[in-house]
2 protein chains.
Amino acid sequence: MRMTRADVPVPLVRSGEVASRTAIRRANLGLVLRDLNTHGSRSQTQLAEDLGLPKATVSTLVSELTELGLVYQTDATRAGAVGRPRQTVELRGTAICGLGVELTATDARAVALDLRDDVLLDRSIAIDRADPDTVLDAVAALIHDALAVLAESGSHVLGITIAAPGQLDRDAGVIRFAAPLGWSDVQLVDGLISRLNADVPPMRIDNDARLGAVAEYAVARTEGIHDLLYVTGGLGVGAGILVDGQILRGAMGFAGEIGHLPLGRPDLPCPCGRSGCVEATVGVTAFLDTVSDPPHAVRDLDQQMTDLRTRADAGDPVVLAALGTVGQGLGVVVGMLIDVLSPRAVILGGYFSYFGEHLLTHVRGAVEARAIAGQAGGCDIRTSGFAFTGPARGAAHTALEALFTDPVACMEHASS
Amino acid sequence: MRMTRADVPVPLVRSGEVASRTAIRRANLGLVLRDLNTHGSRSQTQLAEDLGLPKATVSTLVSELTELGLVYQTDATRAGAVGRPRQTVELRGTAICGLGVELTATDARAVALDLRDDVLLDRSIAIDRADPDTVLDAVAALIHDALAVLAESGSHVLGITIAAPGQLDRDAGVIRFAAPLGWSDVQLVDGLISRLNADVPPMRIDNDARLGAVAEYAVARTEGIHDLLYVTGGLGVGAGILVDGQILRGAMGFAGEIGHLPLGRPDLPCPCGRSGCVEATVGVTAFLDTVSDPPHAVRDLDQQMTDLRTRADAGDPVVLAALGTVGQGLGVVVGMLIDVLSPRAVILGGYFSYFGEHLLTHVRGAVEARAIAGQAGGCDIRTSGFAFTGPARGAAHTALEALFTDPVACMEHASS
DNA sequence: GTGAGTTAGAACACTAGCTGAACTAACTCT
DNA sequence: AGAGTTAGTTCAGCTAGTGTTCTAACTCAC
């Protein structure tokens with residue numbers, strides 16, 4: 001927590017939103033959950049220190065959360081130091097979860113996360129590139145099965161978030177245009193809901209790169225990192241930007257559309273009709289075209305990338321050269337984004353995440369060559385630990401997000 | 001206000017900050033001031049609707065602000081419609097003001113704004129490019145005179161913000177590196193305070209482009225625009241980014257450093273030692289080099305730009321061609337920033353602001369040629385109405401900002 | 001093993017400030 | 001002149017944060 005009792009010149013309620021009576025409680029309840037989620041189980045006294053609230057307030061907050069069934073207190077009989085041993089307040093894991101589903105051109109993946117960020121479920125199905133209707137049938141079946149499994153394990157699904165590439169209308173639940181899928185104006189949410197039972201949890205969609213960034217933030221926030229840039233590499237290349245822990249969507253909701261910036265090799269044509277696009281240079285298709293002859297189909301990317309990583313580790317010059325090209329191209333983009341956004345960390349996801357230092361060396365080199373505030377500015381550049389599961393994980397986090405904003409309302413709905 | 005009573009599914013207190021009892025009041029008092037500042041004088045009933053608060057609460061808030069001397073109520077005897085005529089709550093203008101000072105390589109300018117955004121003072125002095133000590137003497141004299149004038153008019157100066165180019169350490173009040181000034185590691189705040197009386201209002205520094213963006217936001221927010229990109233053209237080229245009304249600084253505080261992105265003419269050398277920098281292509285030096293032979297000194301930019309605007313209006317092919325080059329170069333950068341940030345508006349400040357459509361046509365053309373979500377995405381591209389006074393105005397706004405966050409604390413200090 | 005010291009957490013009285021309802025004020029319209 | 005309408009204030013009520021106090025549960029020293 002950045003806000004401790006010591007440094008309170010800053011107002012406790014952020015300006016911009018009206019502070020009402022009931023809202024205070026809900027916000028503070030959510031903050032306790034958030035602190036436990038970020039920093040792990042801790043005692044009431046620690047919570048009070050973290051949040052800058054008096055112990056008395058924390059005591060009532062914890063007891064209310066206990067009644068809601070969201071936390072429980074353990075008799076921490078282990079006592080190291082002097083004084084009464086602290087009981088730890090712990091998040092009740094299985095009670096509530098969020099379901100995230102990522103949709104790509106090659107597969108769909110469902111991940112369920114509980115309050116403790118534990119993975120309750122992770123399954124994926126292959127998608128044969130096909131018309132939206134067929135794909136939606138398959139995705140609906142995936143969701144149906146996932147919901148059944150979660151219901152059986154006694155976990156209440158708070159919400160479902162679908163991660164999809166391209167430009168989306170979040171309010172309408174519609175994919176406006178997604179080049180990797182070859183779709184335009186597909187009613188995703190309505191299509192899925194009509195295929196499922198009526199009593200399906202609230203469903204939303206969001207951009208895959210943005211949700212990938214959310215997944216990374218769940219880790220980064222524990223390190224005190226609140227400004228990060230996530231770049232995903234797949235058929236498309238997109239960025240998810242987090243500023244002070246908030247997703248940057250922009251006024252039109254299109255922020256992070258870096259796939260078609262004219263920063264790639266000028267001669268390379270892009271399916272979008274132009275040339276020089278980032279996507280055409282560092283997208284997975286370009287990479288696979290370089291390393292595999294005859295050209296391989298874009299299928300089972302996880303297996304392919306694991307194999308290529310093995311080849312890279314073994315010193316395969318073709319793979320290493322391709323990674324050099326990709327790393328250099330990526331470094332140019334990342335360097336510019338660092339100058340524009342000044343993030344604390346850059347995390348490379350998707351297929352980039354398989355290659356660690358093989359790739360990072362080139363990216364860092366290109367960044368240091370141009371960026372004003374590159375490595376010197378204290379910006380870490382690393383690969384994601386989530387490989388291709390990032391967006392689905394982030395989607396699951398997002399589906400759970402409401403709980404941290406208003407636990408009371410969420411649990412009211414949950415019980416009914 | 002985006003938050004009205006109708007759309008209150010969103011919680012009233014933003015999560016992320018602890019909500020304490022006293023903080024509620026201070027936040028709500030500030031919100032009333034902000035609403036009056038943004039939307040002009042209005043009745044208590046209108047305020048209640050804007051803020052989503054009950055009339056009773058607004059009533060007590062207004063009376064407390066009246067006691068603080070920040071607002072007054074007029075007997076609005078004019079009655080158009082049926083019912084009791086509404087009294088309007090108005091901001092008391094002259095009571096409190098913020099002082100903004102911009103420091104450039106050619107001059108220093110002081111602007112004082114009151115609560116109503118009225119300009120209480122606007123004066124500038126020429127600066128002969130010289131060592132920091134000499135410049136600080138002159139700036140201190142400017143501030144001294146400005147404070148004297150404001151004191152005489154009975155306006156309490158809440159704070160002083162200095163706008164400076166380059167990379168700054170805001171906490172330390174130090175200019176780390178400012179290429180346009182040729183300075184590095186200059187103790188700006190300490191240097192000025194030691195030259196002034198001890199009882200000078202709190203002084204801060206911030207980046208000129210960011211403050212220029214703040215000045216634009218004071219206008220844009222009245223149109224419901226909360227995501228904007230400001231690009232300033234001077235000796236340096238920088239960007240100020242506002243996301244959801246908040247300044248984007250980034251983790252390191254270097255966000256918006258677009259002057260040395262490698263997006264300019266690749267052959268043009270830049271004083272920074274590299275080539276292809278944006279600054280070297282669209283900075284004022286490059287522009288002046290193109291339009292005036294023999295090369296003119298960079299002095300009295302306002303007069304020079306006004307003259308060049310006149311030449312452009314008269315159809316001078318040299319000036320129009322130069323504007324075409326600058327507009328094209330700027331459009332490439334702006335187009336990329338639009339894809340990354342998805343702002344609602346892009347505002348061109350500094351010397352760009354003098355040329356209106358002469359420049360905008362080319363910028364828009366370049367943006368539409370590449371950006372995914374350019375004009376089609378609903379992003380306005382326009383020139384600033386503040387010319388070279390933008391950063392100083394924004395600095396004055398920033399100096400006043402504390403009042404909207406915690407009016408009570410500010411007025412306590414003011415009276416003592 | 002007993003009391004002093006220490007830390008954790010709950011209980012309680014207190015209070016700031018939001019909130020709904022009732023009430024007064026000031027006007028228009030018929 | 002009275003009914004209707006809208007604005008703003010007053011007041012009682014209640015929610016929830018806050019400081020203090022108290023109890024619980026431990027360690028440590030003698």
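Proteins come first, then strands; the chains are lettered A, B, ... in the order of their sequence lines, and each starts at number 1. A quick note: this is a predicted structure, and the numbers were derived from the prediction, not measured.
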A.B. asks: Mark yes or no for a side-chain to base donor-acceptor pair under 3.5 Å between A:Arg84 and C:dA8, with no hydrogen or angle criteria applied.
C.D. replies: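 Indeed there is one.
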A.B. asks: Supply the atom-to-atom distance B:Arg204 CZ to B:Asp171 CG, rounded to the nearest 0.5 angstrom.
C.D. replies: 9.5 Å
A.B. asks: Which nucleotide in the list C:dT6, D:dG19, C:dG9 gets nearest to the side chain of A:Val82?
C.D. replies: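 Looking only at heavy atoms from C-beta outward on A:Val82, the closest nucleotide is C:dT6.
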A.B. asks: If I take atom OG1 from residue A:Thr88 and atom CD from residue A:Gln44, how far apart are they, to the nearest 0.5 angstrom?
C.D. replies: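 Reported to 0.5 Å precision, the distance equals 10.5 Å.
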A.B. asks: Among the nucleotides C:dA10, C:dT19, D:dG17, which one has an atom lying closest to any side-chain atom of A:Gln44?
C.D. replies: C:dA10
A.B. asks: Round to a whole Å and report the spacing from CG of A:Leu61 to P of C:dG9.
C.D. replies: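 After rounding, the reported distance stands at 14 Å.
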A.B. asks: Starting the side chain at C-beta, find the nucleotide from D:dT18, D:dG17, D:dA7 nearest to A:Asn28.
C.D. replies: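 Out of D:dT18, D:dG17, D:dA7, the nucleotide with an atom closest to A:Asn28's side chain is D:dG17.
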A.B. asks: Please report the distance, rounded to the nearest Å, between NZ in A:Lys55 and P in D:dA24.
C.D. replies: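 Computing the A:Lys55:NZ to D:dA24:P distance gives 15 Å.
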A.B. asks: So do the side chains of A:Arg393 and A:Glu216 get within less than 4.5 Å of each other, counting heavy atoms only?
C.D. replies: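 A:Arg393 does not reach A:Glu216 side chain to side chain.
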A.B. asks: Could you give the CD-to-C1' distance, from B:Gln87 to D:dT9, as a whole number of Å?
C.D. replies: 11 Å
A.B. asks: Test side chain to side chain contact (heavy atoms under 4.5 Å, CB included) on A:Arg92 and A:Asp114 and set out the steps.
C.D. replies: CA-CA 9 Å; A:Arg92 191 176 293 277; A:Asp114 68 12; over 6 Å; no
A.B. asks: What is the distance, rounded to the nearest whole Å, between atom CD1 of A:Ile24 and atom P of C:dA16?
C.D. replies: 14 Å
A.B. asks: When you check the phosphate oxygens OP1 and OP2 of C:dC18, does a side-chain N or O of B:Arg25 lie under 4.0 Å from one of them?
C.D. replies: yes
A.B. asks: What is the distance, to the nearest angstrom, from the CG atom on B:Asp75 to the P atom on C:dA26?
C.D. replies: 9 Å
A.B. asks: Which heavy atom of B:Ala396 sits nearest to which heavy atom of B:Val111, and what is that distance?
C.D. replies: CB-O, 3.5 Å
A.B. asks: Applying a 4.0 Å non-hydrogen cut-off, can you work out what A:Thr45 is touching in the nucleic acid: base, sugar-phosphate, or nothing?
C.D. replies: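 Sugar-phosphate contact only.
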A.B. asks: Hey, which of these two, B:Arg26 or A:Val62, hits DNA chain C nearer its 5' end, going by closest nucleotide?
C.D. replies: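 The residue whose closest nucleotide sits nearer the 5' end is A:Val62.
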A.B. asks: Whole Å only: how far is the CZ atom of A:Arg86 from the C1' atom of D:dA24?
C.D. replies: 16 Å
A.B. asks: Whole Å only: how far is the CG atom of B:Leu29 from the C1' atom of C:dC18?
C.D. replies: 13 Å
A.B. asks: Does OP1 or OP2 of C:dA10 have a side-chain N or O of A:Ser59 closer than 4.0 Å?
C.D. replies: yes
A.B. asks: Verify the contact: side-chain N or O of B:Ser43 to OP1 or OP2 of D:dG8, cut-off strictly under 4.0 Å; return yes or no.
C.D. replies: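 Answer yes for this pair, as a side-chain N or O of B:Ser43 is under 4.0 Å from OP1 or OP2.
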